[in-house]
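I have placed the structure first, in the form of structure tokens, so that the comments after it can refer back to it.
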Amino acid sequence: MSEQRVVAVDVGGSGLRLQLCAASPGPVLTAPGVRVGAGGIDVAALVSDARALLGASPDDERGRGTAAPAVVVWSMRGLLFLADRAEVLRTVAQGLGAERTVVVSDAVANLVGATGRIGPGAVVAAGTGAVAFGTDFEQQWRRVDGWGHVLGDAGSAATLGMAGLRAALRAHDGLPDGSSALLAAATDLLGPPEGWPRLVMTSPDAPERLAAVAPLVTTAAADDEVARALCVRSGVDLADSLLRAAEGLTDPILTATGGLLGARPVTDALDDRLAAAGGGARRSPALGGALDGALHLARHLRDTGSVPEHPAYLLVG
């Protein structure tokens, strides 16, 4: 039973990653990520890419490289809002032909990967966007934020970049609380301020363009008071989302993931906020990411015969 092959797939905006595992994990294979059209995410195209990757994966010594896997766990960004979850499950099951198929929100896979277990925990992911998720895998399943850079994503790189551009424009206009350091840095990156509205308001990649400004803010924080305050705000917002996601859980592991966590001013503020909350709240290092979580779930289902289920976050077929 332990040598049955399982497949973990994580689909995000930047790419599809697939890992096949029997006795040990194989290499991570990649393909293009989420494509969103008028009908939502094109799941059929993603499944076709995953099937092609499986066909191209190296055969093992007994020539079983193209055999149907025992378990596929499919983690996908946008599962809650941009896809019909039941249809995703059907499409993945039919397309990849596994004996058992699991479709899971990337928030769940991210939590399992970060904590290394299926148990009470909460994670906040701080990349281009920001979302927190906490669960005991029984009664409580709570998502916090993830509403996009216009309506939410507090503490994200896109939100921090937007705040940095606002501070830069305040300096440009001679208003209080502006940052001349951010004005100079953003002008070097994006060109004259008169072109910024078009870049960040009308382009389809506006969140990514805003997120590209975040490193300017975190770098300037060492010497610029305005930039430092913006980084602190990001860390506090991330901590607040994490604490809310964990509220009501018994002895949860709290963790955080994402590129913005590489910025010391942000992580220091996040950890300070957790400490100030009391109750021994502290951040544990993230052990892995969403692909690791999908693989953990796949192995668990293969070895035990079951995984927790939820109609929105974790579907089993």
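Only this structure's heavy atoms are used, side chains among them; waters, hydrogens and symmetry mates stay out.
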Is the side chain of [X] donor-acceptor paired with the backbone N or O of [Y] at a distance under 3.5 Å, no angle test?
| X | Y | answer |
| --- | --- | --- |
| Ser156 | Thr128 | yes |
| Thr135 | Gln140 | yes |
| Asp153 | Gly148 | yes |
| Thr91 | Glu87 | yes |
| Arg51 | Gly95 | yes |
| Asp224 | Val226 | yes |
| Gln4 | Ala22 | no |
| Arg228 | Ala221 | yes |
| Thr255 | Val123 | no |
| Gln94 | Leu89 | no |

Do [X] and [Y] share a hydrophobic cluster, counting only Ile, Leu, Val, Met, Phe, Trp and Tyr and linking them when any side-chain heavy atoms are less than 4.5 Å apart?
| X | Y | result |
| --- | --- | --- |
| Val108 | Leu295 | yes |
| Leu287 | Val28 | no |
| Val232 | Leu260 | no |
| Leu291 | Ile118 | no |
| Leu190 | Met201 | yes |

Where do [X] and [Y] come nearest, in terms of heavy atoms and distance?
| X | Y | value |
| --- | --- | --- |
| His172 | Pro193 | CD2-CG, 3.9 Å |
| Ala256 | Ala286 | O-CB, 3.6 Å |
| Asp145 | Ala154 | OD2-N, 2.7 Å |
| Asn110 | Ala125 | ND2-CB, 3.6 Å |
| Ala122 | Ala246 | CB-CB, 3.7 Å |
| Ala186 | Leu165 | CB-CD2, 3.7 Å |

Kindly compute the distance separating [atom1] ([X]) from [atom2] ([Y]), expressed to the nearest 0.5 Å.
| X | Y | atom1 | atom2 | value |
| --- | --- | --- | --- | --- |
| Leu29 | Leu18 | CG | CG | 5.5 Å |
| Glu99 | Arg5 | CD | CZ | 11.0 Å |
| Gln139 | Leu249 | CD | CG | 11.5 Å |
| Arg143 | Ser241 | CZ | OG | 10.5 Å |
| Leu175 | Asp177 | CG | CG | 9.0 Å |
| Thr159 | Leu230 | OG1 | CG | 11.5 Å |

> More than 12 foreign heavy atoms under 6.0 Å from CG of Asp251: is that the case here?
Replying inline: no

> So with a 6.0 Å cut-off around CD of Glu225, is the heavy-atom count from everything else above 12?
Replying inline: no

> Got a salt bridge between Asp271 and Arg282, using NZ or NE/NH1/NH2 to carboxylate O under 4.0 Å?
Replying inline: no

>> Between Arg244 and Asp240 (salt bridge meaning N to carboxylate O under 4.0 Å), is one present in this structure?
In response: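 Salt bridge flag = no for Asp240 with Arg244.
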
> Cation over ring, Arg77 on Trp74, under 6.0 Å and within 45°?
Replying inline: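 No, Arg77 does not lie over the aromatic ring of Trp74.
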
4.5 Å side-chain heavy-atom contact, [X] and [Y]:
| X | Y | answer |
| --- | --- | --- |
| Arg85 | Leu79 | yes |
| Pro32 | Asp49 | yes |
| Leu182 | Val217 | yes |
| Arg117 | Val112 | no |
| Leu16 | Leu53 | yes |
| Val102 | Val72 | no |
| Pro27 | Gln19 | no |
| Thr219 | Leu216 | no |

> Which residue, Leu270, Leu160, Thr267, forms the side-chain contact (heavy atoms from CB on, under 4.5 Å) with Ser234?
Replying inline: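 With Ser234 as partner, Leu270, Leu160, Thr267 yield a single side-chain contact (heavy atoms from CB on, under 4.5 Å), made by Leu160.
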
> Just one of Val9, Leu46, Val104, Asp10 clears the side-chain contact (heavy atoms from CB on, under 4.5 Å) bar with Met76, so which one?
Replying inline: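 Of Val9, Leu46, Val104, Asp10, side-chain contact (heavy atoms from CB on, under 4.5 Å) with Met76 is met by Leu46 alone.
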
> Excluding sequence neighbours, so at least two apart, what forms salt bridge (charged side-chain N to carboxylate O under 4.0 Å, His left out) with Arg209?
Replying inline: Asp205

>> Enumerate the ring-ring contact (aromatic ring centres under 6.0 Å, His included) contacts for residues 88-145, please, sequence neighbours excluded, ordered by first and then second residue.
In response: Phe133-Tyr313, Phe137-Trp141, Trp141-His310

> Step by step, would you call Leu54 with Leu96 a side-chain contact (heavy atoms from CB on, under 4.5 Å)?
Replying inline: CA-CA 9 Å; Leu54 284 173; Leu96 301 185; 4.2 Å; yes

> Would Leu111 and Thr115 satisfy side-chain contact (heavy atoms from CB on, under 4.5 Å), going step by step from the backbone distance to the final call?
Replying inline: CA-CA 6 Å; Leu111 174 61; Thr115 61; 3.7 Å; yes

> What do the steps show when you test Asp136 against Thr250 for side-chain contact (heavy atoms from CB on, under 4.5 Å), and what is the final call?
Replying inline: CA-CA 8 Å; Asp136 57 6; Thr250 301; over 6 Å; no

> Does anything in residues 180-196 pair up under side-chain hydrogen bond (donor to acceptor under 3.5 Å, both in side chains), and if so which pairs, sequence neighbours excluded?
Replying inline: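 Matches after skipping sequence neighbours: none remain.
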
>> Does either side chain, that of Ser75 or that of Asp106, offer a donor lying less than 3.5 Å from an acceptor on the other one?
In response: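 No - no donor-acceptor pair under 3.5 Å links their side chains.
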
> Between Arg100 and Val316, is a side-chain contact (heavy atoms from CB on, under 4.5 Å) present by the stated rule, with each step listed?
Replying inline: CA-CA 7 Å; Arg100 303 290 304 277; Val316 181; 3.2 Å; yes

